[in-house]
Novice: 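One structure coming up, written as structure tokens, with questions to follow.
Within every chain, numbering begins at 1; the chains are lettered A, B, ... in the order of the sequence lines, protein sequences first and strands thereafter.
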Protein chains: 2
Amino acid sequence: MNEFTKNRVRGFLLDVTGVLYNGSEDGCGTVIPGSVEAVERLYRESMVRFVTNESTLGREGLAAKLSNLGFRIDPSHLIIPLDVAKYYLRKNNLRPHLLVHRNLRNHLDDIDQNSPNCVLVGYARDDFTYEAMNSAFQILMSLKEPLIVSLGCGKFYRRAEGFNLDVGSFVKALQYATDAEVVIIGKPTKSFFMSAVEDMKLQTDEVVMIGDDIVTDIGGAQNAGIKGVQVQTGKWRSEWMDHKIKPDLIANNLKEAVDIILLNNSS
Amino acid sequence: MNEFTKNRVRGFLLDVTGVLYNGSEDGCGTVIPGSVEAVERLYRESMVRFVTNESTLGREGLAAKLSNLGFRIDPSHLIIPLDVAKYYLRKNNLRPHLLVHRNLRNHLDDIDQNSPNCVLVGYARDDFTYEAMNSAFQILMSLKEPLIVSLGCGKFYRRAEGFNLDVGSFVKALQYATDAEVVIIGKPTKSFFMSAVEDMKLQTDEVVMIGDDIVTDIGGAQNAGIKGVQVQTGKWRSEWMDHKIKPDLIANNLKEAVDIILLNNSS
């Protein structure tokens, strides 16, 4: 914990799935014990933003889901890939073919999709059919410079019932087949973490990232100059103790992480 | 053609899809002009085996399909991954979880599938659902030494309507997510080509492989010491002219390849 004592931690970045709650088959999710209280404490005693690669719901949908689980969160504090992706697509004159979950389509109505010159991939879950994958593949094969814009890049994530394949694995299949360039929007890209840090008007050395994915959350944060705190919930695996990425702190869960860091702040 | 003059070609290995016929949406396929005649000429004047990674039909199904297209082929001359895979599974006490096309399942009834210790992947097409991919992923995650046995490893193949994602891309997704070991049964493995060569009781330098995939067919054959003839049908792409793999001969199609090689034999 010595590293945490150098600078007072003034802002917290929290991953959502696997840190606040675990997803479940029915889509409702299960709160991870202590997380609701931890978030309330952060709103009282510090600053907080939620940095998530969630891409089956829009901002309002995700805010509603978290509210249903008991979290009291300002929706504008959710940093999600969709908004960043839309900005990126417009700025680069990209017209995407969509390989996304049906729920996300109406959030993309305001993006030109005629004569697609890239494929936008989000976690489509049951909409990752062979037909949908193949259509995306065929678009990519028709492009001189095939480009995939991906909402996140996780290999898998954890729901209450177990591990599940995430968007990154399907992007890998398309990239392998087409040699497409892949632009990842979301964690672990530095710019995505920075948009959350800047939103709090803080510096990277005043902030910690708390997440369950050692590569996307911890490695990504550290690469952006932000301390990374690994929680042993969500997709945590004990073999990560030997991972080449070394968290700045490992805590049992979000509540413990928050308690330790705030206690350290006050000492 | 100088290389072909050193040894008389005594046996032909032919790829099937993209060389004899192109697949089509209705599953019936379209004969590539001249191929029926070329196969008949080879049966009259040489020896021939069909070396294919086809894995949605069993041997009888594939033989029937080719017969319907007008090809007169001895079914025992079809060298398919399924038989080799079953031998491999039994020899290594492997009990597969199946991620294969529904048509192939009853051809695997005689393989123990209790308490799976590997995943067998074939080209499942519409059966590559998220649910099926995820079940295979979860089995792999539960294994201490995750193993994928794959019937072929093509990135994509060509049907009459265009390019389509093949089994290799889906295997790549699972491998990326789980770091599983992958054993490929079929082209381009040396042992698969050798089983066809040995079936004709020939030596590798007496044989040519004719195919449309520069990596799987041409590269695979050359790696086994067999000359590789690229046809410009099926999945052929003009940019392969600059590919690091250099075919021993490039022909417009199967008929031209056979005519050139047999003419060269007689000169």
Novice: What donor-acceptor contacts under 3.5 Å connect chain A and chain B, backbone and side chains included?
Specialist:
unit_1, atom_1, unit_2, atom_2, d
A:Tyr123, OH, B:Tyr130, OH, 3.1
A:Tyr130, OH, B:Tyr123, OH, 3.1
A:Tyr130, OH, B:Leu165, N, 3.4
A:Tyr130, OH, B:Leu165, O, 2.7
A:Asn134, OD1, B:Leu165, N, 2.8
A:Asn134, ND2, B:Asn164, OD1, 2.6
A:Gln138, NE2, B:Phe163, O, 2.7
A:Lys155, NZ, B:Tyr176, O, 3.3
A:Phe163, O, B:Gln138, NE2, 2.7
A:Asn164, OD1, B:Asn134, ND2, 2.6
A:Leu165, N, B:Tyr130, OH, 3.4
A:Leu165, N, B:Asn134, OD1, 2.8
A:Leu165, O, B:Tyr130, OH, 2.7
A:Tyr176, O, B:Lys155, NZ, 3.3

Novice: Can you confirm whether B:Pro96 sits close enough to B:Leu89 that some side-chain heavy atom of one is under 4.5 Å from a side-chain heavy atom of the other?
Specialist: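 Yes; the side chains approach each other to less than 4.5 Å.
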
Novice: Do B:Leu14 and B:Leu20 have side chains that approach each other closer than 4.5 Å (heavy atoms only, starting at C-beta)?
Specialist: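 With C-beta onward as the side chain, the pair touches.
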
Novice: If you take all heavy atoms of A:Cys118 and A:Leu94, which pair is closest and at what distance?
Specialist: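 Minimum heavy-atom separation between A:Cys118 and A:Leu94: SG-CB, 4.0 Å.
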
Novice: Return the option, out of B:Ala173, B:Ala124, B:Ala132, with the maximum number of heavy-atom pairs under 4.5 Å with chain A.
Specialist: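 Heavy-atom pairs under 4.5 Å are most numerous for B:Ala173.
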
Novice: A:Val100 and A:Leu120: which non-hydrogen atoms are nearest, and at how many Å?
Specialist: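 Answer, listing the atom of A:Val100 first, then A:Leu120: CG1-O, 3.7 Å.
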
Novice: Compare every heavy atom of B:Val119 with every heavy atom of B:Leu99, then report the nearest pair and how far apart it is.
Specialist: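 Distance-wise, the nearest heavy atoms are CB-CG1, 4.3 Å.
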
Novice: Less than 4.5 Å to any heavy atom of chain B: does that hold for the side chain of A:Phe163, its backbone, both, or neither?
Specialist: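 Both backbone and side chain of A:Phe163 come within 4.5 Å of chain B.
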
Novice: Would a 4.5 Å heavy-atom cut-off, applied to side chains only, mark A:Leu165 and B:Leu174 as touching?
Specialist: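 A side-chain contact under 4.5 Å exists here.
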
Novice: Could you check if a side-chain atom of B:Met209 sits within less than 4.5 angstrom of a side-chain atom of B:Phe193, using non-hydrogen atoms only?
Specialist: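 Yes, their side chains come closer than 4.5 Å.
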
